[in-house]
Colleague: 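Here it is, the structure, as structure tokens.
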Amino acid sequence: MVHTALVTGASRGIGLGIAHRLASLGYSLTVTARDAERLDVVAAELRAAGAPEVVPVAGDMADEDAVRRLTQVHEDRLGPMKALILNAGVGTAGTVAEYPMKRFDKTLDVNLRAPFQLLQQCLPLLRKGAEADPGRGAKVIALASIAGVYAEHGLAVYGATKAALISLVQTLNAEESGNGVSATTIAPGYVDTDMSAWIHDRIPAEQMLEVNDIVEVAESLLRLSSRAVVPNIVMTRAGTDGLHA
């Protein structure tokens, strides 16, 4: 049986790393990101890496219609879903006193509303995936942040959306793990990706977590039996107190 997965934010960074690992494991993939041209290049790479089929679907996670179409395309092309990787996210620094409401709305849409909508839409496909493989079930892996666990100066809005995502996943486990669908949030400190480049003047790339660190954890979660539920994994950077990004 060919396993299938949907990966958001799959054109670079953590999402691309996880997509490559899934391809090497023989998953057929639906991948999404905003840049259609870049996504086509990624799709070709993933096929070469071992994915039997790759369906690229360009779209903005802030667009409710685009999120709705994404699930429909996956169902039409690939059918039941073995894994849902919720990686797409946005985040900018700003204090509570000065954070613009327009940016607040965008962050909330991409980091919380879109994952919720995708979970709701994908649950029937995930349940079918779990029924087809009762020993392993179906998995949801959502990229949160250590800022959603411990408060970080200047990251109030980003951290709040990630804290909400962690809570959402825990509730999903309470409701769906008995059906074979379990979920985990991974909450890392700074990872060496384009998204973290803004803080290189204070935290050099070589002091950040590697993308492959997240990929290894994601793969290990996919290998767990359907009896195991891991709600949240916090990953900290070496040399820190473990309470900051």
Side-chain angles (χ1 to χ4, degrees), residues 1-10 14-32 43 46-55 57 70-88 114-144 165-188 211-235:
M1 180 181 67
V2 175
H3 293 326
T4 76
L6 189 159
V7 184
T8 70
I14 295 170
L16 179 59
I18 293 176
H20 264 282
R21 182 61 60 88
L22 291 172
S24 73
L25 295 172
Y27 279 72
S28 285
L29 302 170
T30 300
V31 292
T32 186
L46 295 173
R47 294 185 191 102
E53 187 172 358
V54 182
V55 183
V57 184
L70 178 60
T71 308
Q72 190 61 57
V73 170
H74 180 96
E75 183 175 12
D76 292 344
R77 293 285 299 274
L78 301 181
M81 188 181 297
K82 191 69 166 58
L84 173 62
I85 312 299
L86 299 172
N87 170 72
F116 180 85
Q117 183 183 351
L118 274 172
L119 283 172
Q120 195 171 66
Q121 293 173 181
C122 290
L123 265 175
L125 300 179
L126 288 163
R127 288 171 183 154
K128 289 178 182 177
E131 288 172 6
D133 187 8
R136 289 286 176 267
K139 312 293 186 186
V140 178
I141 298 174
L143 268 296
L165 183 62
I166 291 169
S167 176
L168 173 61
V169 159
Q170 291 177 353
T171 304
L172 180 75
N173 282 325
E175 295 174 351
E176 294 293 333
S177 60
N179 299 323
V181 180
S182 63
T184 302
T185 42
I186 301 176
V211 167
N212 195 57
D213 294 328
I214 313 302
V215 173
E216 291 289 343
V217 170
E219 181 181 350
S220 70
L221 291 167
L222 295 174
R223 294 185 184 279
L224 295 177
S225 77
S226 58
R227 301 178 185 182
V229 177
V230 182
N232 185 49
I233 297 174
V234 176
M235 300 179 68

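Count residues from 1 along the sequence.
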Colleague: Salt bridge or not for R127 and E131, using N-O below 4.0 Å?
Modeller: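 Result for this pair is no, no salt bridge flagged.
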
Colleague: Which heavy atom of G15 sits nearest a heavy atom of V7, and at what distance?
Modeller: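 The pair with the smallest heavy-atom distance is O-CG1, 3.7 Å.
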
Colleague: If you take all heavy atoms of A23 and L46, which pair is closest and at what distance?
Modeller: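 For A23 versus L46, the nearest heavy atoms are CB-O, 3.5 Å.
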
Colleague: So, K128 side chain and L123 main chain: donor-acceptor pair closer than 3.5 Å or not?
Modeller: no

Colleague: Please enumerate all residues that pass side chain to side chain contact (heavy atoms under 4.5 Å, CB included) together with A228, with sequence neighbours excluded.
Modeller: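 Testing A228 for side chain to side chain contact (heavy atoms under 4.5 Å, CB included), a comparison that skips the adjacent residues, returns L224, S225.
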
Colleague: Taking all non-hydrogen atoms of both residues into account, name the closest pair between G26 and P52 and its distance.
Modeller: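 Between these two residues, the closest heavy atoms are O-CD, 3.4 Å.
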
Colleague: Is any side-chain heavy atom of L222 closer than 4.5 Å to a side-chain heavy atom of Y27?
Modeller: yes

Colleague: To the nearest 0.5 Å, how far apart are CZ in R77 and OG1 in T4?
Modeller: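 The CZ atom of R77 sits 12.5 Å away from the OG1 atom of T4.
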
Colleague: Check whether any side-chain N or O of T185 sits under 3.5 Å from a backbone N or O of P231 as a donor-acceptor pair, and report yes or no.
Modeller: yes

Colleague: How many angstroms lie between atom CD of Q72 and atom OG1 of T30, to the nearest 0.5 angstrom?
Modeller: 11.5 Å

Colleague: Rounded to the nearest 0.5 Å, how far apart are CD1 of I85 and CG of L29?
Modeller: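 Taking CD1 in I85 and CG in L29, the distance rounds to 9.5 Å.
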
Colleague: Can you tell me how far CZ of R136 sits from CZ of R227, rounded to the nearest 0.5 angstrom?
Modeller: 10.0 Å

Colleague: Any side-chain heavy atom of R223 sitting closer than 4.5 Å to one from L25?
Modeller: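 In contact.
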
Colleague: Give, for atom CG of N173 and atom OG1 of T184, the distance between the pair rounded to the nearest 0.5 Å.
Modeller: 6.5 Å

Colleague: Which atoms form the tightest heavy-atom contact between L165 and A142, and what is the distance?
Modeller: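 In terms of heavy atoms, the two residues are closest at CD2-CB, 4.0 Å.
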
Colleague: Taking the side chain as every heavy atom from C-beta outward, state whether L6 and L78 have any atom pair closer than 4.5 Å.
Modeller: no

Colleague: What I'd like to find out is whether the side chain of E176 reaches to under 4.5 Å of the side chain of S182, using heavy atoms alone.
Modeller: no

Colleague: Taking the side chain as every heavy atom from C-beta outward, state whether I14 and I186 have any pair of such atoms under 4.5 Å apart.
Modeller: no

Colleague: Show, in sequence, the C-alpha distance, side-chain angles and deciding distance for L143 and I214, and conclude whether the side-chain contact (heavy atoms from CB on, under 4.5 Å) test is met.
Modeller: CA-CA 9 Å; L143 268 296; I214 313 302; 3.9 Å; yes

Colleague: Roughly how far, to the nearest 0.5 Å, is the CG atom of L125 from the CD atom of E75?
Modeller: 5.0 Å

Colleague: Which is it for M235 and V217 under the side-chain contact (heavy atoms from CB on, under 4.5 Å) test, yes or no, and what are the steps along the way?
Modeller: CA-CA 10 Å; M235 300 179 68; V217 170; 3.9 Å; yes

Colleague: Quick one: are H3 and D133 in side-chain contact, heavy atoms under 4.5 Å?
Modeller: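 Yes, close enough: below the 4.5 Å cut-off.
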
Colleague: Given side chains that start at C-beta, do those of R21 and N212 come closer than 4.5 Å, heavy atoms only?
Modeller: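 Heavy-atom side-chain distance check passes, below 4.5 Å.
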
Colleague: Closest heavy-atom contact between L86 and P115?
Modeller: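 Reported closest heavy-atom pair: CD1-CB, 4.1 Å.
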
Colleague: Can you see which heavy atom on V2 is nearest to which on S28, and at what distance?
Modeller: CG1-OG, 3.5 Å

Colleague: Within a strict 4.5 Å, meaning less than it, do heavy atoms of the L84 and L119 side chains meet?
Modeller: yes

